[in-house]
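See below for the structure under consideration.
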Amino acid sequence: MGLLFMVNGVFMMLAAVFSWFYDEDVLGQIILAGTVAIGSGGIIMFLTRNHRKEIQKREGYIIVTFGWVFMALIGTLPYIFTGAIPNFTNAFFETMSGYSTTGATILTDIESLPNGILFWRSITHWIGGMGIIVLAIAILPLLGIGGMQLFAAEAPGPSGDKLHPRITDTAKRLWLIYVGYTLAETILLKMAGMSFFDAINHSLSTLGTGGFSTKNASVAYWNDKPMIQYILILFMFLAGTNFVLSYFAFKRKFQKIFKDEEFKMYGLFVVGLTTIAALLIYFEADVSASSIAHPMVWGPAESAFRHALFQVVSLITTTGFISADYTMWTPFLTIFFFGMMFLGGSAGSTSGGIKVMRHLIMIKNGVLEFKRTLHPHAILPVRYNTKAVPQPIVFNILGFFILYMLSFIIGTLVFSWLGLDFKTALGGAASTLGNIGPGLGNLGPVDTYANLPSAAKWWSSFLMLIGRLELFTVLILLTPFFWRNR
């Protein structure tokens, strides 16, 4: 925990550098926030220096969950100290939204904020994207702590496909790819017409599949510069892909990529859904009807294709950037895009949601159930990438899906109980649980979460937390048997 606080403080100091560069009045307050984070982290590390050397699975879940909560608490300091978000509930919501890479915001005028605070918002996405805990795994061995249990609890997706026998080296390789993509996207966005500040902020948000923007209109601000949106689409797609496949690509092991069933299904989702959306937008919707869309630049056909592709990739990868208010197109497209909130990117990516791998295994298991009905004594294992999937993993995935849908239903009911209308409650639950950002109704693409009651903001924060940490990690702490003696 102390180490996480200190790392957090270092990133606050990085935000202070931007504040200093742009000669802002809030420089002192951001430095103070960073000093408090680093100082408190140092004190915690000093007081707990005689730690147990081995972390068991139970402790791993506790550290990941409480690490995330305390990171969100310490992450509120720059907002509160600078007065950018003086209300604690709002500051915690914004910070949890950042670390969980949800991208939901309570801010109504983003462009009025100091650049140091805008950078801090974006960097919380970047930290949360791959997981601050995975970063810490590369450093924890210095303290004599093994990190395997933490990786099992934190690594996105149902399985951690290791690149290297040592978990520390795995974390380092993943972060190297992560940093490389961020730098590449920043350079390309700058070349396409963004300012350097906007480019680096959007790169941090994209790779974390978060969705915080420096503009009130999000990416729709650059609708007159299609290349910017195509670059964002490319990196959103990469961020929603298993990072292990990126590692294979750099090692020129392309066969492993094209044989990967999840990647093929992920690609099919994008192509198929984009085709349907583009045709509907072109023939039935008016892109220019969106209140935030600029006039078409390269013609109506290209505009329909670009907006369809952008929104499909943004929602599947749970990034949540918007190029237009898609709820103003047609009722079918609104429901169509809402359905995508339940897909999620690949396992091993920074995206949230259910994940494509789980959908694939559930579909395969469902098809096999028909065969098992006809041949009850046949042994018909579910196969993934030509290998039989152990039955406990299939049960785990089915259990996850049931738990996810139950969480969505309960989430919607609680929002309704707190005063939200049906459409808003439905969209809010799907969006926060899936770490997406934009929802439906009063939480649509061009709206914010500012008008939610305080209790609804805390409930949203809880849904964001369990969604980001894939339900089991957090909810297992609520079971009585977890706390019983071994």
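Worth saying up front: this structure is predicted, and the values here are computed from it rather than measured.
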Parallel, tilted or perpendicular, judged at 30° and 60°: which one describes the rings of Phe269 and His359? perpendicular

Between Phe305 and Tyr282, is the gap from one ring center to the other below 6.0 Å? no

If you round to the nearest 0.5 Å, how far is NE2 of His125 from CG of Asn201? 10.0 Å

Geometric class of the Phe332/Phe336 ring pair [parallel <30°, tilted 30-60°, perpendicular >60°]: parallel

Mark yes when over 12 heavy atoms from residues, nucleotides or ligands other than Leu478 sit less than 6.0 Å from its CG; otherwise mark no. yes

What class does the angle between the rings of Phe310 and Phe321 fall in, given that below 30° is parallel, 30 to 60° is tilted and above 60° is perpendicular? tilted

Answer yes or no: is there a side-chain heavy-atom contact under 4.5 Å between Tyr404 and Arg358? no

Regarding Ser97 and Tyr449, is there a side-chain donor-to-acceptor distance under 3.5 Å anywhere? no

Salt bridge or not for Lys264 and Glu261, using N-O below 4.0 Å? no

For Ser346, does its backbone N or O pair with a side-chain atom of Ser349 as donor and acceptor, under 3.5 Å? yes

Expected output: side-chain Ser431 to main-chain Gly428 donor-acceptor under 3.5 Å: no

Describe, in one word, how the ring planes of Phe237 and Phe263 are oriented to each other, choosing from parallel (under 30°), tilted (30 to 60°) and perpendicular (over 60°). perpendicular

Between Thr448 (side chain only) and Ala450 (backbone N and O only), is there a donor and an acceptor less than 3.5 Å apart? yes

Sequence neighbours excluded, which residues qualify as side chain to side chain contact (heavy atoms under 4.5 Å, CB included) partners of Phe482? Arg58, Tyr61, Ile62, Ile476, Leu477, Thr479

When you measure from the side chain of Thr412 to the backbone N and O of Ala429, does any donor-acceptor pair fall under 3.5 Å? no

For a 4.5 angstrom cut-off between non-hydrogen side-chain atoms, does Leu463 reach Phe415? yes

Side-chain contact test, heavy atoms from C-beta onward, threshold under 4.5 Å: evaluate it for Leu4 versus Ile74 and give yes or no. no

Tell me, yes or no, whether the heavy-atom count around Gln255 atom CD, taken from other residues, nucleotides or ligands under 6.0 Å, exceeds 12. no

Would you call Leu426 and Phe408 a side-chain contact if the rule is heavy atoms closer than 4.5 Å? yes

Judged by atom type as modelled, is there a donor-acceptor pair below 3.5 Å linking the side chain of Glu185 to the main-chain atoms of Thr206? no

d(Leu452 CG, Ser460 OG) to nearest 0.5 Å is 5.5 Å

Please tell me if the side chains of Phe93 and Met464 come closer than 4.5 Å, counting only heavy atoms from C-beta onward. yes

Exceeds 12 heavy-atom contacts within 6.0 angstrom, atom NZ of Lys423: no

If we only count heavy atoms from C-beta on, is the Leu315 to Ile436 side-chain gap below 4.5 Å? yes

Under a 3.5 Å distance rule, please check whether Arg121 uses its side chain to pair with a backbone N or O of Gly103 as donor and acceptor. no

Measure from the side-chain N and O atoms of Thr424 to the backbone N and O of Asn442, and report whether any donor-acceptor pair falls under 3.5 Å. yes

For the residue pair Trp175 and Trp126, categorise the inter-ring angle as parallel (less than 30°), tilted (30 to 60°) or perpendicular (more than 60°). perpendicular

Output yes when a side-chain donor or acceptor of Thr350 lies under 3.5 Å from a complementary backbone atom of Gly129, and no otherwise. no

Do side-chain atoms of Ser205 reach the backbone of Phe212 as a donor and acceptor pair under 3.5 angstrom? yes

Is a side-chain donor or acceptor of Lys259 paired with a backbone partner of Asn385 at a separation under 3.5 angstrom? no

Within the structure provided, determine whether Leu188 and Phe235 are in side-chain contact (heavy-atom separation under 4.5 Å). yes

Test item: Arg306 and Ser323 side chains (from C-beta on) under 4.5 Å apart, heavy atoms: no

CG (Asn451) with more than 12 external heavy atoms under 6.0 Å: no

Does Phe422 have more than 12 heavy atoms from other residues, nucleotides or ligands lying within 6.0 Å of its CZ? no

